[in-house]
Amino acid sequence: MGNFYGFGYGMHGMRIFVPMTRTRWTPPPGFARKLINWSRHLDRPLPWREEQEPYRIWLSEMLLQQTRAAQAIPYYHRFVEQYPTVQELAQADIAEVLRLWEGLGYYNRAHFLHQTARIVTSTRGGQFPDTYEGLLALPGIGPYTAAAIASFAFGRPHAVVDGNVIRILARLTGLEGDPARPEVRREFQARADTLMGRSDPAAFNQAMMDFGAVQCVPRQPDCPSCPFAGFCMAWNTDRVNAFPAKKTRRTLRHRYFLFLVLKKGSRTWLVRRDRGDVWRGLFTFPLHETDAPVDDPEALARSGWPFLPPMRPMTISGPWEQVLTHQHIHAWILTASFPRTTAIPPEWMAVEIRDLPNFAFPRILRRFLNDPRTSLIP
DNA sequence: TATTCGTGGAT
DNA sequence: TATCCAAGAAT
């Protein structure tokens with residue numbers, strides 16, 4: 001355990017602290033009431049705010065996992081319009097769901113969304129579980145999402161612990177550990193639950209996340225204007241930037257992709273991405289991957305796809321770049337006409353080129369398709 | 001339990 | 001420009 005400090009609860013901006021060793025953190029009195037009161041003056045319109053329907057709350061929370069609210073909003077509107085009820089979502093084809101999800105990333109979420117819709121529809125008559133534990137058992141619903149739905153939809157007293165709450169509590173209470181560690185995570189959860197107390201769970205959770213998004217922001221927060229500065233550990237020890245503990249830096253893996261846009265008349269071929277890799281369930285053009293930088297895309301293409309006619313010219317586009325969380329994709333896209341269809345691998349799927357807008361593609365390929373110079377889609 | 005799952009906005 | 005990281009969950 002690290003050092004703990006006791007604080008005087010002073011007025012706004014007051015810096016009273018007495019270094020001391022403690023074994024227990026003491027919650028500031030009246031925190032929940034003050035926090036909710038703070039949030040009343042806030043103008044932060046979100047389409048799922050004040051929403052009562054569990055389906056829509058669940059949908060919004062799935063869209064919001066590791067995603068900024070601003071990015072999720074247009075997707076939320078499209079999903080609600082396309083699938084007004086969980087039954088309609090359950091009946092949809094996963095390819096269609098993924099097409100609607102395209103561009104949002106973390107495509108496993110779309111698969112979990114669909115799975116949970118089917119479970120809720122087929123085994124629960126379209127009704128979501130109304131308990132934290134029941135929600136937690138569903139695909140794609142972890143501790144955060146279960147707490148969010150349980151509180152927002154059913155008024156149950158479970159405090160959400162997301163990135164906002166971790167940042168707020170780390171600074172406010174001086175919790176220094178790595179939030180990724182389970183015991184530290186449990187402590188965050190315990191302190192969040194303590195702070196929630198007997199206040200309105202939905203109002204408290206909403207206010208905490210609003211507070212993190214508006215006031216206790218990651219970088220250069222305006223602490224002098226913060227209503228809790230008087231008993232904020234980080235502020236009163238001048239260590240605001242030290243909380244929360246920094247995540248370990250990721251290492252980028254470089255991957256080199258060759259995509260083949262093989263055209264025969266009005267058609268081309270696609271493959272579907274499998275599980276266990278990026279872009280699960282999305283479509284791409286047939287792909288040849290190497291682990292070394294590509295200096296001669298055409299030569300590599302001809303060795304990767306030996307059936308390509310030797311004399312026929314190819315159009316070479318690239319490199320197209322996309323940086324993912326753990327990977328940097330370098331892509332070359334080769335376009336070739338091919339009069340014969342023999343030797344086409346059986347897993348390749350022939351599609352009409354004009355139908356390409358209907359398939360879910362990774363962003364890097366959608367950028368290629370939308371580029372006017374590509375002129376693949378008329 | 002450490003890694004791996006996208007994408008884009010902010011600084 | 002490079003870096004951070006966002007209403008996390010699964011494996």
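None of the values given here were measured: they were computed from a predicted structure. In what follows, chains carry the letters A, B, and so on, assigned in the order in which the sequence lines appear, proteins first and then strands, with residues in each chain numbered from 1. The analysis underlying the following values was restricted to heavy atoms, covering all of them including side chains, and did not include hydrogens, waters or symmetry mates.
- C:dA7 atom C1' lies 16 Å from atom CZ of A:F188, rounded to whole Å.
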Counting primed atoms, P, OP1 and OP2 as sugar-phosphate and everything else as base, the B/S/- map of nucleotides 5-11 of chain B against protein heavy atoms under 4.0 Å is BBBBBB-
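- Near DNA chain B, meaning a heavy atom under 4.0 Å away, there are no residues from residues 142-169 of chain A.
- Considering only heavy atoms from C-beta on, A:D291 stays 4.5 Å or farther from A:Y256 through its side chain.
- Spacing between atom CZ of A:R275 and atom C1' of C:dA9 amounts to 14 Å, rounded to whole angstrom units.
- Residue contacts shown for A:Q206 include a base, since a base heavy atom lies under 4.0 Å away.
- Taking atom CG of A:L42 as the reference point, atom C1' of C:dA7 lies 15 Å away to the nearest angstrom.
- Residue A:D178 contributes atom CG, which lies 13 Å from atom C1' of B:dT3 at whole-angstrom precision.
- The CZ atom of A:R49 sits 12 Å away from the P atom of C:dA7 (whole-angstrom rounding).
- Annotation: side chain of A:T145 is in contact with side chain of A:Q65 (closest heavy-atom distance under 4.5 Å).
- The residue from A:F361, A:W348, A:F259, A:F359 that alone fulfils the ring-ring contact (aromatic ring centres under 6.0 Å, His included) condition with A:F283 is A:F359.
- If you take atom P in B:dT11 and the same atom in C:dA7, they sit 13 Å apart, rounded to whole Å.
- Spacing of C1' atoms, C:dA9 relative to B:dT1, comes out at 14 Å, to the nearest Å.
- Without hydrogens or angle criteria, A:R68 side chain to A:Q71 main chain gives no donor-acceptor distance under 3.5 Å.
- Side-chain N/O atoms of A:Y144 and A:E61 include a donor and acceptor closer than 3.5 Å.
- One finds a salt bridge joining A:R99 and A:E102 here, because a Lys/Arg side-chain nitrogen approaches an Asp/Glu carboxylate oxygen to under 4.0 Å.
- Through side-chain heavy atoms spaced under 4.5 Å, either directly or across other Ile, Leu, Val, Met, Phe, Trp or Tyr residues, A:F243 is tied to no other residue.
- Using modelled atom types, one finds a donor on one side chain and an acceptor on the other under 3.5 Å when comparing A:E321 with A:H328.
- Distance A:M62 CE to C:dG8 C1': 10 Å, rounded to the nearest Å.
- A salt bridge is defined here as a Lys NZ or Arg NE, NH1 or NH2 lying under 4.0 Å from an Asp or Glu carboxylate O, and A:R273 with A:D277 meets this definition.
- Distance A:R56 CZ to C:dA7 C1': 19 Å, rounded to the nearest Å.
- The CD atom of A:E50 sits 19 Å away from the P atom of C:dA7 (whole-angstrom rounding).
- Both A:W48 and A:G140 sit near DNA chain C, but only A:W48 has its closest nucleotide nearer the 5' end.
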